[in-house]
**Student:** 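What follows is a single structure, and I will ask about it in a moment.
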Amino acid sequence: EKGGYPYFMLKEIAEQPKAVADTLLGRLQGGSLSLDEVRISDDDLRQVDKVIVIACGTSYHAGLIAKYAIEHWTRVPVEVEVASEFRYRDPIVDRDTLVVAISQSGESMDTLMAVRHARKQKARVVAITNSNGSTIARESDAVLYTHAGPEVGVAATKTFITQVVACYLLGLFLARTRGTMYDDEVRSVVRELSDMPEHIDTVLDTVEPVRELARSLAGARAVLFLGRHVGYPVALEGALKLKELAYMHAEAFAAGELKHGPIALIEDGLPVVVVVPSPRGRSVLHDKIVSNIQEVRARGARTIVIAEEGDEAVVPYADTVIRVPQTSTLLAPLVSTIPLQVFACELALAKGLDVDQPRNLAKSVTVE
Ligand code: F6R
(Lines give C-alpha, C1' and ligand atoms only; values in the text may rest on other atoms or scores of the structure.)
Protein backbone atom coordinates (compact mmCIF):
# COMPACT_ATOMS: atom_id res chain seq x y z
CA GLU A 1 0.00 0.00 0.00
CA LYS A 2 3.06 2.21 0.10
CA GLY A 3 3.09 1.81 -3.67
CA GLY A 4 6.68 0.57 -3.73
CA TYR A 5 8.00 3.34 -1.50
CA PRO A 6 9.65 2.46 1.81
CA TYR A 7 7.68 5.20 3.59
CA PHE A 8 4.26 6.72 3.14
CA MET A 9 5.77 10.16 3.29
CA LEU A 10 7.83 9.51 0.16
CA LYS A 11 4.74 8.25 -1.61
CA GLU A 12 2.68 11.22 -0.48
CA ILE A 13 5.31 13.70 -1.62
CA ALA A 14 5.30 11.99 -5.01
CA GLU A 15 1.50 12.13 -5.18
CA GLN A 16 1.38 15.91 -5.04
CA PRO A 17 0.90 16.58 -8.75
CA LYS A 18 -2.14 14.33 -8.73
CA ALA A 19 -3.42 15.74 -5.44
CA VAL A 20 -3.31 19.25 -6.90
CA ALA A 21 -4.97 18.13 -10.14
CA ASP A 22 -7.71 16.37 -8.18
CA THR A 23 -8.30 19.41 -6.00
CA LEU A 24 -8.71 21.55 -9.11
CA LEU A 25 -10.89 19.00 -10.88
CA GLY A 26 -14.37 20.23 -11.70
CA ARG A 27 -13.65 23.57 -10.10
CA LEU A 28 -11.98 25.27 -13.04
CA GLN A 29 -14.54 25.15 -15.77
CA GLY A 30 -14.00 26.68 -19.16
CA GLY A 31 -11.16 28.75 -17.77
CA SER A 32 -13.40 30.20 -15.09
CA LEU A 33 -14.28 29.00 -11.65
CA SER A 34 -17.00 26.97 -10.06
CA LEU A 35 -17.08 26.46 -6.31
CA ASP A 36 -20.55 25.30 -5.50
CA GLU A 37 -19.57 23.97 -2.08
CA VAL A 38 -19.49 27.55 -0.85
CA ARG A 39 -23.07 27.66 0.28
CA ILE A 40 -23.01 31.20 1.45
CA SER A 41 -25.06 33.59 -0.66
CA ASP A 42 -23.30 36.05 -2.97
CA ASP A 43 -24.94 38.87 -1.04
CA ASP A 44 -23.48 37.63 2.19
CA LEU A 45 -20.07 37.24 0.58
CA ARG A 46 -20.25 40.84 -0.64
CA GLN A 47 -21.00 41.96 2.92
CA VAL A 48 -17.85 40.37 4.32
CA ASP A 49 -15.59 43.05 5.73
CA LYS A 50 -12.90 40.84 7.22
CA VAL A 51 -11.54 37.34 6.76
CA ILE A 52 -9.99 35.45 9.67
CA VAL A 53 -8.10 32.26 8.92
CA ILE A 54 -7.71 29.89 11.86
CA ALA A 55 -5.62 26.73 11.84
CA CYS A 56 -2.77 24.91 13.58
CA GLY A 57 0.70 23.78 12.55
CA THR A 58 1.20 23.22 8.87
CA SER A 59 -2.38 24.23 8.12
CA TYR A 60 -1.60 27.59 9.72
CA HIS A 61 1.20 28.04 7.22
CA ALA A 62 -1.27 27.44 4.39
CA GLY A 63 -3.37 30.19 5.99
CA LEU A 64 -0.43 32.59 5.99
CA ILE A 65 -0.02 32.06 2.26
CA ALA A 66 -3.76 32.59 1.81
CA LYS A 67 -3.48 36.03 3.36
CA TYR A 68 -1.17 37.31 0.64
CA ALA A 69 -3.40 35.99 -2.13
CA ILE A 70 -6.81 36.86 -0.70
CA GLU A 71 -5.86 40.39 0.30
CA HIS A 72 -4.23 41.03 -3.06
CA TRP A 73 -7.17 39.73 -5.04
CA THR A 74 -10.10 40.89 -2.91
CA ARG A 75 -8.78 43.90 -0.98
CA VAL A 76 -10.52 42.49 2.11
CA PRO A 77 -8.33 42.46 5.23
CA VAL A 78 -7.24 38.96 6.22
CA GLU A 79 -6.00 37.98 9.67
CA VAL A 80 -4.36 34.61 10.21
CA GLU A 81 -4.14 33.17 13.66
CA VAL A 82 -3.28 29.89 15.32
CA ALA A 83 -6.56 28.47 16.55
CA SER A 84 -5.46 28.09 20.15
CA GLU A 85 -4.67 31.82 20.36
CA PHE A 86 -7.73 33.02 18.49
CA ARG A 87 -10.09 31.40 20.87
CA TYR A 88 -8.72 32.77 24.09
CA ARG A 89 -8.23 36.40 23.20
CA ASP A 90 -11.73 37.77 22.75
CA PRO A 91 -11.36 38.28 18.97
CA ILE A 92 -13.53 40.81 17.14
CA VAL A 93 -15.91 38.68 15.11
CA ASP A 94 -19.43 39.35 13.84
CA ARG A 95 -21.81 38.37 11.06
CA ASP A 96 -19.72 40.19 8.47
CA THR A 97 -16.63 38.19 9.36
CA LEU A 98 -15.75 35.25 7.15
CA VAL A 99 -13.82 32.67 9.13
CA VAL A 100 -11.79 30.16 7.15
CA ALA A 101 -10.90 27.10 9.24
CA ILE A 102 -8.13 25.02 7.69
CA SER A 103 -7.69 21.50 9.03
CA GLN A 104 -6.48 18.43 7.18
CA SER A 105 -8.12 16.04 9.64
CA GLY A 106 -11.12 18.21 10.34
CA GLU A 107 -10.73 17.05 13.93
CA SER A 108 -8.10 19.30 15.52
CA MET A 109 -9.67 20.26 18.81
CA ASP A 110 -8.11 23.73 18.88
CA THR A 111 -9.52 24.53 15.44
CA LEU A 112 -12.90 23.02 16.23
CA MET A 113 -13.22 25.10 19.40
CA ALA A 114 -12.28 28.22 17.44
CA VAL A 115 -14.96 27.40 14.84
CA ARG A 116 -17.58 27.04 17.55
CA HIS A 117 -16.50 30.29 19.12
CA ALA A 118 -16.74 32.13 15.79
CA ARG A 119 -20.15 30.69 14.95
CA LYS A 120 -21.51 31.66 18.33
CA GLN A 121 -20.69 35.22 17.35
CA LYS A 122 -22.55 34.79 14.04
CA ALA A 123 -19.53 34.64 11.78
CA ARG A 124 -19.83 32.48 8.68
CA VAL A 125 -17.37 29.66 8.59
CA VAL A 126 -15.83 27.99 5.55
CA ALA A 127 -13.88 24.83 6.34
CA ILE A 128 -10.99 23.68 4.18
CA THR A 129 -10.42 20.03 5.02
CA ASN A 130 -9.32 16.73 3.55
CA SER A 131 -11.75 14.65 5.61
CA ASN A 132 -15.25 14.05 4.38
CA GLY A 133 -17.83 14.36 7.09
CA SER A 134 -15.29 15.37 9.72
CA THR A 135 -16.46 17.33 12.75
CA ILE A 136 -15.17 20.67 11.47
CA ALA A 137 -16.79 20.01 8.07
CA ARG A 138 -20.11 19.25 9.73
CA GLU A 139 -20.04 22.28 11.96
CA SER A 140 -19.15 24.82 9.28
CA ASP A 141 -21.47 26.77 6.96
CA ALA A 142 -19.59 25.62 3.90
CA VAL A 143 -16.84 23.20 3.06
CA LEU A 144 -14.15 23.30 0.46
CA TYR A 145 -12.64 19.83 0.33
CA THR A 146 -9.06 19.22 -0.61
CA HIS A 147 -8.90 16.05 -2.66
CA ALA A 148 -5.47 14.92 -1.60
CA GLY A 149 -6.57 11.38 -0.79
CA PRO A 150 -5.71 9.80 2.55
CA GLU A 151 -2.47 10.96 4.12
CA VAL A 152 -0.86 8.38 6.38
CA GLY A 153 2.49 9.97 7.16
CA VAL A 154 2.18 12.12 10.27
CA ALA A 155 3.86 15.08 8.59
CA ALA A 156 1.49 16.94 6.30
CA THR A 157 2.75 17.18 2.71
CA LYS A 158 0.17 16.69 -0.03
CA THR A 159 -2.57 17.95 2.25
CA PHE A 160 -0.63 21.19 2.78
CA ILE A 161 -0.12 21.75 -0.94
CA THR A 162 -3.82 21.15 -1.63
CA GLN A 163 -4.84 23.44 1.22
CA VAL A 164 -2.85 26.18 -0.47
CA VAL A 165 -4.65 25.40 -3.73
CA ALA A 166 -8.03 25.54 -1.97
CA CYS A 167 -7.13 28.91 -0.47
CA TYR A 168 -6.31 30.27 -3.92
CA LEU A 169 -9.62 28.98 -5.23
CA LEU A 170 -11.48 30.60 -2.37
CA GLY A 171 -9.65 33.88 -2.94
CA LEU A 172 -10.48 33.89 -6.65
CA PHE A 173 -14.07 33.00 -5.90
CA LEU A 174 -14.39 35.88 -3.45
CA ALA A 175 -12.71 38.26 -5.86
CA ARG A 176 -15.09 37.31 -8.62
CA THR A 177 -18.15 37.55 -6.41
CA ARG A 178 -17.09 40.93 -5.10
CA GLY A 179 -15.98 42.23 -8.48
CA THR A 180 -12.40 43.02 -7.48
CA MET A 181 -10.84 41.09 -10.35
CA TYR A 182 -11.64 41.16 -14.05
CA ASP A 183 -12.71 37.89 -15.63
CA ASP A 184 -9.56 37.64 -17.69
CA GLU A 185 -7.40 38.21 -14.60
CA VAL A 186 -9.21 35.33 -12.90
CA ARG A 187 -8.81 33.27 -16.03
CA SER A 188 -5.10 33.87 -16.18
CA VAL A 189 -4.59 32.69 -12.57
CA VAL A 190 -6.83 29.71 -13.25
CA ARG A 191 -4.72 28.86 -16.26
CA GLU A 192 -1.58 29.06 -14.19
CA LEU A 193 -3.13 26.88 -11.48
CA SER A 194 -3.92 24.21 -14.01
CA ASP A 195 -0.24 24.16 -15.03
CA MET A 196 0.89 23.55 -11.46
CA PRO A 197 0.69 19.73 -11.42
CA GLU A 198 3.16 19.70 -14.29
CA HIS A 199 5.46 22.17 -12.53
CA ILE A 200 5.41 20.10 -9.36
CA ASP A 201 6.29 17.06 -11.45
CA THR A 202 9.27 18.95 -12.81
CA VAL A 203 10.43 19.74 -9.27
CA LEU A 204 10.08 16.10 -8.24
CA ASP A 205 12.05 15.00 -11.29
CA THR A 206 14.95 17.29 -10.49
CA VAL A 207 15.09 16.91 -6.75
CA GLU A 208 17.94 14.41 -6.47
CA PRO A 209 20.57 17.06 -5.59
CA VAL A 210 18.34 18.08 -2.65
CA ARG A 211 18.57 14.53 -1.33
CA GLU A 212 22.34 14.56 -1.58
CA LEU A 213 22.49 17.92 0.13
CA ALA A 214 20.22 16.70 2.95
CA ARG A 215 22.39 13.66 3.53
CA SER A 216 25.48 15.85 3.71
CA LEU A 217 23.83 17.98 6.41
CA ALA A 218 22.66 15.18 8.67
CA GLY A 219 25.26 16.20 11.24
CA ALA A 220 24.33 19.90 11.32
CA ARG A 221 23.20 21.27 14.69
CA ALA A 222 20.69 23.73 13.30
CA VAL A 223 19.29 25.08 10.05
CA LEU A 224 17.83 28.52 9.44
CA PHE A 225 15.23 29.35 6.80
CA LEU A 226 14.60 32.78 5.33
CA GLY A 227 11.86 34.07 3.08
CA ARG A 228 9.95 37.16 2.11
CA HIS A 229 6.33 37.63 1.07
CA VAL A 230 4.79 34.17 0.42
CA GLY A 231 8.30 32.74 0.72
CA TYR A 232 8.16 33.50 4.43
CA PRO A 233 5.40 30.98 5.23
CA VAL A 234 7.21 28.53 2.95
CA ALA A 235 10.31 29.03 5.11
CA LEU A 236 8.22 28.46 8.25
CA GLU A 237 6.89 25.24 6.77
CA GLY A 238 10.39 24.08 5.81
CA ALA A 239 11.56 24.66 9.38
CA LEU A 240 8.56 22.87 10.90
CA LYS A 241 9.12 19.82 8.69
CA LEU A 242 12.74 19.66 9.77
CA LYS A 243 11.85 19.94 13.46
CA GLU A 244 9.20 17.26 13.38
CA LEU A 245 11.00 14.79 11.14
CA ALA A 246 14.68 15.25 11.92
CA TYR A 247 14.33 16.56 15.51
CA MET A 248 16.67 19.33 14.56
CA HIS A 249 16.67 22.93 15.68
CA ALA A 250 15.21 24.75 12.72
CA GLU A 251 13.92 28.28 12.65
CA ALA A 252 12.46 30.51 10.00
CA PHE A 253 12.58 34.28 9.78
CA ALA A 254 11.18 36.90 7.51
CA ALA A 255 14.40 37.86 5.75
CA GLY A 256 13.85 41.53 6.54
CA GLU A 257 13.98 40.69 10.24
CA LEU A 258 17.55 39.40 10.02
CA LYS A 259 19.16 42.64 10.98
CA HIS A 260 16.77 43.03 13.91
CA GLY A 261 18.32 40.12 15.76
CA PRO A 262 18.62 36.73 14.09
CA ILE A 263 21.73 37.66 12.14
CA ALA A 264 23.60 37.25 15.43
CA LEU A 265 22.99 33.50 15.09
CA ILE A 266 24.98 33.24 11.88
CA GLU A 267 28.29 31.48 12.32
CA ASP A 268 30.74 29.63 10.15
CA GLY A 269 29.14 26.79 8.26
CA LEU A 270 25.57 27.30 9.53
CA PRO A 271 23.21 26.12 6.79
CA VAL A 272 20.77 28.86 5.78
CA VAL A 273 18.02 27.99 3.32
CA VAL A 274 16.68 31.00 1.44
CA VAL A 275 13.41 30.96 -0.49
CA VAL A 276 13.83 33.49 -3.29
CA PRO A 277 10.85 35.16 -4.99
CA SER A 278 10.65 35.43 -8.74
CA PRO A 279 12.82 38.20 -10.24
CA ARG A 280 10.13 38.67 -12.88
CA GLY A 281 7.50 39.59 -10.32
CA ARG A 282 8.07 42.33 -7.80
CA SER A 283 11.74 42.86 -8.45
CA VAL A 284 12.23 44.86 -5.26
CA LEU A 285 11.46 41.73 -3.22
CA HIS A 286 13.97 39.79 -5.23
CA ASP A 287 16.70 42.40 -4.90
CA LYS A 288 16.20 42.61 -1.14
CA ILE A 289 16.55 38.92 -0.66
CA VAL A 290 19.65 38.73 -2.80
CA SER A 291 21.26 41.21 -0.42
CA ASN A 292 20.06 39.13 2.53
CA ILE A 293 21.83 36.12 1.02
CA GLN A 294 25.00 38.20 0.67
CA GLU A 295 24.72 39.35 4.28
CA VAL A 296 24.52 35.87 5.76
CA ARG A 297 27.17 34.50 3.45
CA ALA A 298 29.57 37.26 4.38
CA ARG A 299 29.20 36.03 7.97
CA GLY A 300 30.07 32.46 7.11
CA ALA A 301 26.68 30.86 6.43
CA ARG A 302 26.44 27.99 4.00
CA THR A 303 23.72 29.30 1.68
CA ILE A 304 21.18 27.00 0.12
CA VAL A 305 19.06 28.96 -2.28
CA ILE A 306 15.72 27.98 -3.76
CA ALA A 307 15.36 30.07 -6.87
CA GLU A 308 13.46 30.17 -10.08
CA GLU A 309 14.86 28.67 -13.24
CA GLY A 310 16.84 31.40 -15.01
CA ASP A 311 17.46 33.52 -11.91
CA GLU A 312 21.21 34.08 -12.29
CA ALA A 313 21.49 36.88 -9.74
CA VAL A 314 21.60 34.45 -6.83
CA VAL A 315 24.37 32.28 -8.24
CA PRO A 316 27.41 34.24 -6.97
CA TYR A 317 26.18 34.05 -3.38
CA ALA A 318 24.79 30.52 -3.26
CA ASP A 319 26.71 27.48 -2.10
CA THR A 320 23.89 25.40 -3.54
CA VAL A 321 21.12 26.50 -5.90
CA ILE A 322 17.91 24.48 -6.04
CA ARG A 323 15.86 25.31 -9.11
CA VAL A 324 12.09 25.51 -9.34
CA PRO A 325 10.01 26.33 -12.43
CA GLN A 326 8.96 29.91 -13.18
CA THR A 327 5.61 30.89 -11.66
CA SER A 328 3.90 34.08 -10.63
CA THR A 329 4.93 35.37 -7.21
CA LEU A 330 1.71 34.41 -5.44
CA LEU A 331 1.60 30.82 -6.70
CA ALA A 332 5.28 30.08 -6.08
CA PRO A 333 4.69 28.22 -2.76
CA LEU A 334 3.22 25.32 -4.74
CA VAL A 335 6.65 24.64 -6.18
CA SER A 336 9.07 26.09 -3.61
CA THR A 337 7.69 24.02 -0.72
CA ILE A 338 8.44 20.72 -2.45
CA PRO A 339 12.25 20.75 -2.14
CA LEU A 340 11.90 21.64 1.55
CA GLN A 341 9.69 18.61 2.17
CA VAL A 342 12.21 16.40 0.41
CA PHE A 343 15.07 18.02 2.31
CA ALA A 344 13.51 17.37 5.73
CA CYS A 345 12.44 13.86 4.83
CA GLU A 346 15.81 12.86 3.44
CA LEU A 347 17.73 14.41 6.31
CA ALA A 348 15.59 12.49 8.81
CA LEU A 349 16.12 9.26 6.85
CA ALA A 350 19.86 9.89 6.85
CA LYS A 351 19.64 10.07 10.64
CA GLY A 352 17.88 6.72 10.64
CA LEU A 353 14.53 8.10 11.77
CA ASP A 354 11.03 6.90 10.95
CA VAL A 355 9.54 9.71 8.88
CA ASP A 356 6.03 8.30 9.00
CA GLN A 357 5.86 8.19 12.78
CA PRO A 358 7.95 10.95 14.32
CA ARG A 359 8.24 10.75 18.09
CA ASN A 360 5.66 12.50 20.27
CA LEU A 361 3.38 13.42 17.36
CA ALA A 362 -0.09 12.24 16.35
CA LYS A 363 -1.74 12.61 12.97
CA SER A 364 -4.83 14.13 14.44
CA VAL A 365 -4.67 16.22 17.60
CA THR A 366 -8.04 15.80 19.26
CA VAL A 367 -7.09 17.31 22.59
CA GLU A 368 -6.56 20.98 23.34
C1 F6R B 1 2.72 19.10 10.52
C2 F6R B 1 1.44 18.64 10.95
C3 F6R B 1 0.71 19.37 12.02
C4 F6R B 1 -0.73 19.63 11.58
C5 F6R B 1 -1.54 20.27 12.69
C6 F6R B 1 -2.97 20.61 12.25
O7 F6R B 1 3.27 18.28 9.54
O8 F6R B 1 0.95 17.67 10.42
O9 F6R B 1 1.35 20.57 12.32
O10 F6R B 1 -0.71 20.45 10.45
O11 F6R B 1 -1.60 19.40 13.80
O12 F6R B 1 -3.65 19.47 11.86
P13 F6R B 1 -5.00 19.57 11.04
O14 F6R B 1 -4.67 20.20 9.73
O15 F6R B 1 -5.49 18.17 10.92
O16 F6R B 1 -5.94 20.43 11.82
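Both counts, for ligands and for their atoms, begin at 1 and track the order of listing. The chain is numbered in sequence order, starting from 1.
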**Student:** Which heavy atom of Thr23 sits nearest a heavy atom of Tyr145, and at what distance?
**Tutor:**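 It is CG2-O, 4.4 Å.
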**Student:** Under 3.5 Å, which donor-acceptor pairs link side chains of residues 248-259 to any protein atom two or more places apart or in another chain?
**Tutor:**
from	atom 1	to	atom 2	distance (Å)
His249	NE2	Glu251	OE1	3.1
Lys259	NZ	Gly256	O	2.9

**Student:** Which pairs pass salt bridge (charged side-chain N to carboxylate O under 4.0 Å, His left out) with one or both residues in residues 349-366, sequence neighbours excluded?
**Tutor:**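 Output for this query lists Glu151-Lys363.
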**Student:** Less than 4.0 Å between a side-chain N and a carboxylate O, is that true for Asp319 and Arg297?
**Tutor:**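 Between Asp319 and Arg297 there is a salt bridge, with a charged N closer than 4.0 Å to a carboxylate O.
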**Student:** Give a yes or no on whether Asp90 atom CG has more than 12 heavy-atom contacts from other residues, nucleotides or ligands under 6.0 Å away.
**Tutor:**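 No.
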**Student:** Measuring from each atom of ligand 1, which residues have a heavy atom under 4.0 Å away?
**Tutor:**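 Within 4.0 Å of ligand 1, protein side: Cys56, Gly57, Thr58, Ser59, Ser103, Gln104, Ser105, Ser108, Val154, Ala155, Ala156, Lys241, Glu244.
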**Student:** Looking at residues at least two apart in the chain, or sitting in another chain, which of them share a salt bridge (Lys or Arg N to Asp or Glu O under 4.0 Å) with Glu244?
**Tutor:**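 Listed in chain order: Lys241.
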